[in-house]
Structures are given as structure tokens and as C-alpha cells.
Number of protein chains: 2
Amino acid sequence: MEIIIDIDNSVPLFAQLMTQIKEAVLRDRISPGAALPSIRQLANDLELNNKTVAKAYRLLERDSVIQTKGYRGTFVHPDAKVNCTVDLNEWVTTKLGETIAAFRESSVTDSEIRIAFGNVMNSRNN
Amino acid sequence: MEIIIDIDNSVPLFAQLMTQIKEAVLRDRISPGAALPSIRQLANDLELNNKTVAKAYRLLERDSVIQTKGYRGTFVHPDAKVNCTVDLNEWVTTKLGETIAAFRESSVTDSEIRIAFGNVMNSRNN
DNA sequence: ATATGACCCATGTGTAGTAATGGTACAACA
DNA sequence: TGTTGTACCATTACTACACATGGGTCATAT
């Protein structure tokens with residue numbers, strides 16, 4: 001598995017990592033069920049911080065592309081190939097776009113939309 | 001019509017102005033159809049910039065609380081009292097809240113929601 | 001002992017957006 | 001000429017957040 005991280009690229013490092021792992025799965029360079037390098041080891045190989053790799057892993061696990069099994073390490077999810085094609089961000093962007101388009105139809109200011117958005121995001125209970 | 005602007009208040013000046021004009025209408029301190037001070041004059045009285053007052057007026061007109069008639073000045077909208085109670089922001093907040101709640105249900109990160117939001121807001125053509 | 005993922009504390013840098021300010025200019029009227 | 005709302009140019013201060021980094025700790029296992 002050859003992963004290349006470009007620090008000069010504007011794409012966030014953790015995103016670059018996610019993309020390349022997904023592509024490796026899609027192109028059969030890693031098989032479902034196979035073990036992935038540990039967070040610390042991969043961070044060391046790529047000269048990244050643990051947290052950066054951990055963030056990529058965490059998001060990949062949420063997307064069911066990989067599975068973390070605690071002390072046993074991290075593995076490619078059985079249904080990884082299918083889940084790689086499911087783009088969560090795309091669905092979010094589309095759904096959000098429709099909602100915002102409706103606001104603009106009612107001639108709501110972009111400023112007001114941003115303020116309302118900020119309020120909603122900050123007034124959560126968790 | 002007594003309007004008091006508090007510079008030390010965190011509420012934006014234009015928003016303070018909007019609120020107080022709306023309240024003046026609701027409490028019958030200005031009648032529908034009555035003339036409002038001109039932008040420049042009100043800015044002078046309250047020691048605000050023209051643009052700040054103009055912004056408040058522009059938004060109030062969009063909400064059909066006031067009517068600007070070009071060189072003839074600005075007047076309280078005939079249906080001002082009804083339109084004052086219609087809170088556009090509330091509808092936006094509610095609608096946006098539902099959408100975002102759905103995202104969180106799908107365990108989408110707040111970061112991702114914010115990024116998607118930023119993309120949608122910036123990728124418009126006007 | 002050693003390694004795993006996960007969690008807490010925190011800092012620094014860069015970007016983006018808001019709010020408010022100023023100046024200048026315009027067409028439409030009295 | 002003077003006033004109306006409106007439009008454009010611009011800058012300053014402030015806030016919020018993303019990203020990445022660092023140190024430290026924890027339970028769970030081999």
C-alpha cells in the first residue's frame with residue numbers, strides 16, 4: 001500500500017489519507033478483512049501526527065470502510081468496497097443545498113442564513 | 001419615536017435598530033403609513049453610519065414592515081403590524097435545525113456539516 | 001514490557017465571514 | 001440646489017473555526 005501525502009496540497013492531510021485508503025480498497029490493493037497499519041505506525045511512516053491519522057481512521061470507520069477492534073488493530077471492513085462508493089458528504093451537500101435554495105427563494109439574506117446556521121450549530125446539547 | 005442604541009451591546013447595531021422599529025410599530029407608537037426619518041437623518045440622530053441605518057431599512061422593507069418610495073422617503077407598511085409578528089428568522093432556524101438534526105442522526109461530524117455549508121454558500125452564481 | 005485504539009489537556013496558524021466605518025456617485029424628484 | 005434611496009469603491013477590528021501539532025493517560029490485550 002503506497003500512500004503519498006503532499007504537505008503543499010491544500011487538501012487537508014487527513015482527507016488525503018482517507019481518499020488514498022478508499023482508492024486502495026476500490027482498486028483491490030487491499031482486501032476486505034486485511035489488517036491496516038496501526039495509527040502510530042502509519043503516522044510514523046508518513047511523518048504525520050498520531051491525531052491526524054486517528055482522525056482519518058475514525059471517519060473511515062464511521063463510513064464503514066474500516067473496522068477498529070481495539071487492541072487488536074484496524075481492519076478493512078467486509079463491505080468496504082460498497083461503502084467506499086457511498087459519499088456521505090455528497091448527500092449532505094445536496095440536502096443542505098435544497099434547504100438553502102428555499103431560503104434564498106424567500107429572499108433571506110446569506111448573512112441571516114449564516115447566523116441562523118451558527119445558532120443551530122452552537123445550541124446543541126451533548 | 002425614541003430609539004436607543006447601545007454600542008456596548010453585543011447585538012449588532014442594525015439589529016437593535018430593526019428590533020426597536022418593529023416594537024414601536026407593535027406598540028402603536030408609529031402608525032402604518034406614517035413617514036419614517038430618512039436614512040441620513042436617522043443616522044445623524046443616532047450617531048450611526050448611513051450604511052448601518054440603510055441596512056436596517058433594507059431588511060425591514062424585505063420583511064414588509066416598511067416601504068421605501070425613492071425620493072419620497074420611507075413609510076411604515078400598511079400591513080406592518082401583521083408582518084412584524086412574522087419572524088422569518090424563526091422559520092429559517094427551525095427548518096435548518098431539522099435538516100442538521102438529520103445529519104447528526106447519520107453521525108455526520110459538525111465539521112463536515114460546516115464545510116458542506118460553506119461550500120453551498122460559496123458556490124452560487126450571482 | 002509492549003502495543004492497540006481512544007481520550008484528555010493544550011497551542012499555533014491560517015482562513016473566512018460579520019459588522020461597521022468612510023468616501024463618492026447616481027437618477028428621480030421638489 | 002437640496003433631498004431621497006441606492007449603488008459602488010474601500011478598510012479596520014473582531015470572531016469563529018479548521019487543521020495540525022504536542023504531551024499525557026487509560027484499559028485492554030499479547
Side-chain angles (χ1 to χ4, degrees), chain A residues 5-18 35-44 46-62 66-75 89 100 109-124 126, chain B residues 5-18 35-44 46-62 66-75 89 108-124 126:
Chain A
I5 299 296
D6 180 11
I7 317 181
D8 297 330
N9 195 319
S10 65
V11 176
L13 303 183
F14 80 93
Q16 292 184 37
L17 188 50
M18 287 181 67
L36 285 163
S38 78
I39 290 180
R40 288 176 177 82
Q41 184 182 331
L42 188 55
N44 203 46
L46 301 177
E47 294 180 330
L48 294 177
N49 189 282
N50 293 345
K51 315 300 179 68
T52 306
V53 178
K55 182 175 184 177
Y57 272 29
R58 189 184 342 120
L59 290 174
L60 285 173
E61 185 180 28
R62 186 209 50 190
I66 66 178
Q67 274 181 326
T68 67
K69 304 190 175 182
Y71 56 92
R72 265 163 287 153
T74 306
F75 303 86
N89 284 359
I100 292 178
T109 301
D110 277 14
S111 267
E112 291 171 310
I113 298 178
R114 285 204 172 87
I115 292 175
F117 177 80
N119 290 339
V120 173
M121 294 299 286
N122 290 337
S123 71
R124 75 185 174 288
N126 63 355
Chain B
I5 300 295
D6 180 11
I7 317 180
D8 296 330
N9 194 320
S10 65
V11 177
L13 305 181
F14 79 93
Q16 292 185 39
L17 187 50
M18 287 180 66
L36 285 163
S38 77
I39 289 180
R40 288 175 180 79
Q41 184 182 331
L42 188 55
N44 202 46
L46 301 177
E47 294 180 330
L48 294 178
N49 190 283
N50 292 345
K51 317 299 181 66
T52 306
V53 179
K55 183 175 185 177
Y57 273 28
R58 187 180 349 116
L59 290 174
L60 284 173
E61 186 182 27
R62 187 208 51 189
I66 65 177
Q67 273 181 328
T68 68
K69 304 190 174 181
Y71 55 91
R72 265 165 287 154
T74 306
F75 302 86
N89 285 359
V108 179
T109 301
D110 278 12
S111 267
E112 291 172 311
I113 298 178
R114 286 204 175 88
I115 292 175
F117 177 79
N119 290 338
V120 173
M121 295 298 285
N122 289 336
S123 71
R124 73 185 174 289
N126 62 356

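The sequence lines fix the lettering, A, B, ..., with proteins before strands; numbering per chain opens at 1. All values derive from a computational prediction rather than experimental measurement.
- Contact annotation: B:Lys55 side-chain N/O to C:dA19 OP1/OP2 distance is under 4.0 Å.
- Under 4.0 angstrom from either OP1 or OP2 of D:dT4 there lies at least one side-chain N or O belonging to B:Ser38.
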Assess the residue pair B:Glu112 and A:Leu59 against the criterion (side chain to side chain contact (heavy atoms under 4.5 Å, CB included)); give the C-alpha distance rounded to whole Å, side-chain angles, the decisive distance to 0.1 Å, and a yes or no.
CA-CA 10 Å; B:Glu112 291 172 311; A:Leu59 290 174; 4.1 Å; yes

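- The base of C:dG5 lies outside donor-acceptor range of the side chain of A:Arg72, with no N or O pair under 3.5 Å.
- Taking every side-chain heavy atom of B:Glu61 into account, D:dT6 is the closest of C:dA20, C:dG5, D:dT6.
- With distances taken from any side-chain atom of B:Arg40 to the nucleotides D:dT6, D:dC19, C:dA19, the minimum falls on D:dT6.
- Closest to the A:Tyr71 side chain, of the nucleotides D:dC17, D:dT4, D:dA29, is D:dA29.
- Here the side chain of A:Arg114 is nearest to one of C:dG5, C:dG17, D:dA18, namely C:dG17.
- Each of B:Ala15 and A:Gly73 has a nearest nucleotide on DNA chain C; the 5'-most of these lies closest to A:Gly73.
- Side-chain N/O atoms of A:Thr74 include none lying less than 4.0 angstrom from OP1 or OP2 on C:dT4.
- The line from OG1 of B:Thr52 to CD of B:Glu47 is 13.0 Å long, rounded to the nearest 0.5 Å.
- Side-chain proximity of A:Ser111 to the nucleotides D:dC17, D:dT21, C:dT18 is greatest for C:dT18.
- Heavy-atom minimum distance, A:Phe14 versus A:Ala56: O-CB, 3.7 Å.
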